[in-house]
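Here is the structure we will look at.
Below, each value reflects all heavy atoms present in this structure, side chains not excepted, and no hydrogens, waters or symmetry copies.
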Amino acid sequence: MPAPSTTVPVDWLRSAVARVFVAAGLSQADAGAIGGALVEADLRGIPSHGVMLVPMYVDRLSAGSVTTASRGELVVDTGAIAVLDAQNAMGILTADQGMSLAIARARDHGVGVVVARRAFHFGAA
């Protein structure tokens, strides 16, 4: 027999998840980005990378193994190639940062390659 389920409005869920991350110390903007990405994973049919991760993310934040930083540090920047030290920040945020860097490099060089180190889980990508 399948487990019982509850249906909630998508906007309510995004907001609720964001509030959890604000309570855990993230900015409203960062919490909204994380909440949106986790809910989007559920909507795309990837529940293993969706809202079910909230307790694990909060546990890691509480334990200090993940930081509330919004961005990583660019440690290598040479033409089309960059290395981002994510400094254990939330992976959804630093993955967005890395993608922006890759897009900018691709515009300038025809290709953009960005590698992130010390990165935390970044959801369903």
Side-chain angles (χ1 to χ4, degrees):
M1 173 177 229
S5 65
T6 302
T7 301
V8 298
V10 171
D11 290 339
W12 179 90
L13 185 58
R14 279 189 192 106
S15 177
V17 172
R19 286 192 307 272
V20 169
F21 287 111
V22 167
L26 279 88
S27 72
Q28 184 68 48
D30 291 347
I34 294 165
L38 294 175
V39 171
E40 182 64 27
D42 283 326
L43 292 172
R44 290 173 45 206
I46 313 169
S48 62
H49 286 66
V51 174
M52 71 171 282
L53 292 174
V54 171
M56 186 263 291
Y57 282 16
V58 171
D59 286 347
R60 299 285 176 88
L61 285 161
S62 296
S65 63
V66 177
T67 72
T68 58
S70 294
R71 302 179 57 78
E73 177 185 357
L74 188 60
V75 294
V76 174
D77 185 0
T78 149
I81 299 168
V83 176
L84 182 66
D85 183 344
Q87 301 180 18
N88 301 312
M90 295 294 288
I92 290 169
L93 303 175
T94 56
D96 285 348
Q97 179 186 5
M99 182 59 69
S100 294
L101 291 168
I103 290 168
R105 276 145 185 75
R107 284 191 181 119
D108 293 342
H109 303 284
V111 64
V113 178
V114 177
V115 176
R117 67 182 186 199
R118 295 196 310 155
F120 181 63
H121 190 269
F122 64 99

Listed pairs under 3.5 Å, donor-acceptor, residues 33-45 side chains, sequence neighbours left out:
{"from": "Asp42", "atom 1": "OD2", "to": "Val51", "atom 2": "N", "distance (Å)": "3.0"}

**Atom of Ala89, atom of Thr94 and distance for their closest heavy-atom approach** = CB-CG2, 3.8 Å
**Asked** Do you reckon Leu84 sits in the same ILVMFWY cluster as Ile103, going by side-chain contacts under 4.5 Å, direct or chained?
**Response** no
**Asked** Under 3.5 Å, is there a donor-acceptor pair between the side chain of Ser15 and the main chain of Asp11?
**Response** no
**Request:** Give, for atom CZ of Arg14 and atom CZ of Arg19, the distance between the pair rounded to the nearest 0.5 Å.
**Result:** 13.5 Å
**Prompt:** Does CE in Met99 sit with more than 12 non-hydrogen atoms of other residues, nucleotides or ligands closer than 6.0 Å?
**Reply:** no
Hey, can you pull the donor-acceptor pairs under 3.5 Å for the side chains in residues 113-123, sequence neighbours left out?
{"from": "Arg118", "atom 1": "NE", "to": "Asp85", "atom 2": "OD1", "distance (Å)": "3.0"}
{"from": "Arg118", "atom 1": "NE", "to": "Asp85", "atom 2": "OD2", "distance (Å)": "3.4"}
{"from": "Arg118", "atom 1": "NH2", "to": "Asp85", "atom 2": "OD1", "distance (Å)": "3.3"}
{"from": "Arg118", "atom 1": "NH2", "to": "Asp85", "atom 2": "OD2", "distance (Å)": "3.1"}
{"from": "His121", "atom 1": "ND1", "to": "Tyr57", "atom 2": "OH", "distance (Å)": "2.7"}
{"from": "His121", "atom 1": "ND1", "to": "Gly123", "atom 2": "N", "distance (Å)": "3.1"}

**Request:** Indicate, with yes or no, if Leu93 and Leu61 share a hydrophobic cluster defined by side-chain heavy-atom contacts under 4.5 Å among Ile, Leu, Val, Met, Phe, Trp and Tyr.
**Result:** yes
In a table with atom names and distances, give each donor-acceptor pair under 3.5 Å that connects a side chain of residues 70-80 to protein atoms at least two apart or in another chain.
{"from": "Ser70", "atom 1": "OG", "to": "Asp30", "atom 2": "OD2", "distance (Å)": "2.3"}
{"from": "Glu73", "atom 1": "OE1", "to": "Gln87", "atom 2": "NE2", "distance (Å)": "3.1"}
{"from": "Asp77", "atom 1": "OD1", "to": "Arg105", "atom 2": "NH2", "distance (Å)": "2.7"}
{"from": "Asp77", "atom 1": "OD2", "to": "Arg105", "atom 2": "NH2", "distance (Å)": "3.1"}

**Prompt:** Do Val22 and Leu13 share a hydrophobic cluster (ILVMFWY, side-chain heavy atoms under 4.5 Å, transitive)?
**Reply:** no
